[in-house]
Amino acid sequence: MEETTDIFSQEDYFEIAIFEQYKRKVIKACEAANELDCSTRTFYRKYKKYLESGLKSLIKPPRKRESKFDSNSLVELYKNEYYGFSIEHFKEKLKLDKNIDVSYATVYRALRSSFVLSPYAQRKTIRKAKKDSIPELKYVKNEVKPLENSNIFITEKPTNRLPKGDKAGFLIEMDASSATFFGNKITHLHLAVDVCTGNIVGAYLDKQETATAYFNVLKQIFTNYGLPQTILTDNRSCFVSTRSKKDTTTSDGHVQIEYALKSFGVHIETTSQATRKAIIERANGTCQRRLCAELRQKGIETLEAANEYLINHFVPEMNKLFGGRECKENLYGRKIDENEAKIRLCCTFIRSFDKAGTVSFKGKKYYPAIVTEQGEINIIRNIKDKTECVLSVTIDDLKFITIDGHVFKAVPIETLKIDYQNLSAPDVYKLDRTNIATSSEIEKEFKKPKYTPWRTNMFKLFLHKKGKNWSNN
């Protein structure tokens, strides 16, 4: 018995003294349990072992476990193939790709033992890796002021935070973030998250943050889930105009997006406070670092391949990991089919015909044309000068012209060739169909359009209510 006393700590001696006091009935069981900071049942279990084995019951054998994998191979795998991944992301990929199921702590210890840190490690973790002990950290706090005759403290600039709610489709937060997702150029990731469910309902990669990219996100929401009640965004130029009322704003992104959502009956709100849309801000950071690492690991270097991987693989995986919260009620409206979404989610511009019967758009001239059921395209050239029309550009970069509710296809004059043998004929130009980069499905869509695009007077009325002017230039 005396040979084993040198392996006990001060806490063990204190526990022995409590057992002896209870044995002599100096203290009660509840008092002994409070002294040992445990429950009464745990105290009885420890005391029973003490009576049976004596001091040997306090000896704790060392825990030895055989490792199921080589930590060095795990570190090499992270350095060569999965570098740039966070530890949690690396743990998930080990289970999916390599069928290695390990805990977060195991991966963390293996990397730390080799002095490998995550690129998203906190400052205190980096300092801990450099030094054996962490000094006291000094956090900079916001200056606060007490209320008069009160002990309550408030900040000088309070921020608002919206509750998540329990109704799906009530609020959609939408935003974009920029990073080098693939290659060496910066790309913008556009995201939309349902606040209630936490699911990513729309995602799209583009070179810049444009209205067309947001239209692709809205198309995914409307076709897959339905029409939401409200969309919350930030005060970027795509949603809020910074121009004066005297300037033309028919090409502003906020006019196009707001007018398109108004036609569907969807309300849009903007805010400059990041805490009001904390869900999408957190999703931007998570998706940004995970998508950059996965696109590099998959070897994707083109925008089309990145969008295909983003929509078909990355978004469902993220919703499976972080989304899927249950909601009491679904407030999504009717689902929109792709044909209606392509026609109505488009940028709209007011134009006037010139004496040659063409309209101008970004330095090019366009003729209105009719597509017959046989697929033939007949150009209309007898339109009166200064006749106003609406030129719409779809998310597929397809242009069409609306005159008094009638839809015509916009054909650029570069696709026409001159008939030199019959210059005196009324129609001097014939259509060169080999230079038109449109599929047969899109041509069939505009033969008999189901949904009439916006009229000129409706768009003018919308601009007038917003206090904006319009121009033909």
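What you see is a predicted model; the values in this text were computed from it and never measured.
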Next on the checklist: Determine whether the aromatic ring centres of residues Phe408 and Phe400 are separated by less than 6.0 angstrom.
Outcome noted: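 No, ring centres 6.0 Å or more apart.
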
Inter-residue atom distance [X].[atom1] - [Y].[atom2], 0.5 Å rounding:
X	Y	atom1	atom2	result
Ser118	Glu88	OG	CD	11.0 Å
Cys327	Lys167	SG	NZ	11.0 Å
Leu261	Leu345	CG	CG	8.0 Å
Ile221	Ile231	CD1	CD1	5.0 Å

If only atom types and distance count, is the side chain of [X] paired as donor or acceptor with the main-chain N or O of [Y] below 3.5 Å?
X	Y	answer
Arg289	Phe85	no
Thr394	Leu398	yes
Thr223	Lys219	yes
Thr271	Gln273	yes
Thr286	Arg282	yes
Asn284	Ser177	no
Asn216	Thr212	yes

Checklist entry - Which of parallel (below 30°), tilted (30 to 60°) and perpendicular (above 60°) describes Tyr214 and His190? => result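 Plane angle over 60°, so perpendicular.
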
Checklist entry - Looking at side-chain heavy atoms only, is the closest gap between Ile300 and Phe181 below 4.5 Å? => result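 The answer is no; the side chains never approach within 4.5 Å.
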
Item to check | Close side-chain approach of Tyr204 and Asn307, heavy atoms under 4.5 Å | outcome: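 Yes, close enough: below the 4.5 Å cut-off.
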
Next on the checklist: I need the full list of ring pair (Phe, Tyr, Trp, His ring centres under 6.0 Å) pairs touching residues 291-310, with sequence neighbours left out, sorted by first then second residue.
Outcome noted: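 Residue pairs passing ring pair (Phe, Tyr, Trp, His ring centres under 6.0 Å), neighbours aside: Tyr309-His313.
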
Item to check | Residue list, disulfide (SG to SG under 2.5 Å) with Cys292, at least two apart or on another chain | outcome: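 By the disulfide (SG to SG under 2.5 Å) rule, Cys292 matches no residue at all.
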
With a cut-off of under 6.0 Å to the ring centre and 45° to the axis, is [X] in cation-pi contact with [Y]?
X	Y	result
Arg344	Phe264	yes
Arg290	Phe314	no
Arg296	Tyr83	yes

Item to check | Test side chain to side chain contact (heavy atoms under 4.5 Å, CB included) applied to Phe182 and Thr302, Leu291, Leu295, the passing residue | outcome: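 Filter result, single survivor: Leu295.
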
Next on the checklist: For Arg276 and Glu269: C-alpha separation, side-chain torsions, deciding distance, then whether side chain to side chain contact (heavy atoms under 4.5 Å, CB included) applies.
Outcome noted: CA-CA 11 Å; Arg276 287 201 66 198; Glu269 293 183 0; 4.3 Å; yes

Just jot down the side-chain hydrogen bond (donor to acceptor under 3.5 Å, both in side chains) partners of [X], sequence neighbours excluded, or say none.
X	result
Gln208	none
Tyr82	Asp97
Thr230	none
Thr358	Asp354

Item to check | CZ/Arg123: more than 12 non-hydrogen atoms of other groups inside 6.0 Å | outcome: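 Atom CZ in Arg123 is not crowded, with 12 or fewer foreign heavy atoms closer than 6.0 Å.
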
Checklist entry - Do Tyr332 and Asp194 pass the side chain to side chain donor-acceptor pair (under 3.5 Å) test, and can you show the C-alpha distance, the side-chain angles, and the key distance before you say yes or no? => result CA-CA 11 Å; Tyr332 282 104; Asp194 192 320; 2.5 Å; yes

Got a salt bridge between [X] and [Y], using NZ or NE/NH1/NH2 to carboxylate O under 4.0 Å?
X	Y	result
Glu81	Lys93	no
Asp166	Lys328	yes
Arg334	Glu340	yes

Next on the checklist: Apply side chain to side chain contact (heavy atoms under 4.5 Å, CB included) to residues Asn199 and Val193 and explain how you reach the verdict.
Outcome noted: CA-CA 6 Å; Asn199 291 331; Val193 179; over 6 Å; no

Next on the checklist: side chain to side chain contact (heavy atoms under 4.5 Å, CB included), that's the test. Do Leu111 and Leu117 meet it? Break it down for me.
Outcome noted: CA-CA 7 Å; Leu111 296 179; Leu117 295 180; over 6 Å; no

Next on the checklist: Walk me through whether Tyr78 and Phe90 qualify under ring-ring contact (aromatic ring centres under 6.0 Å, His included).
Outcome noted: CA-CA 8 Å; Tyr78 181 82; Phe90 178 51; 4.9 Å; yes

Item to check | Candidate pair Asn224 and Gln220, rule side chain to side chain donor-acceptor pair (under 3.5 Å), full reasoning | outcome: CA-CA 6 Å; Asn224 298 330; Gln220 299 176 32; 5.3 Å; no

Item to check | Stepwise side chain to side chain contact (heavy atoms under 4.5 Å, CB included) test for Leu331 and Glu329 | outcome: CA-CA 6 Å; Leu331 297 182; Glu329 187 177 356; 3.5 Å; yes

Checklist entry - Can you find a side-chain donor-acceptor pair between Lys386 and Ser352 that sits under 3.5 Å? => result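 Ser352 and Lys386 do not have a side-chain donor-acceptor pair below 3.5 Å.
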
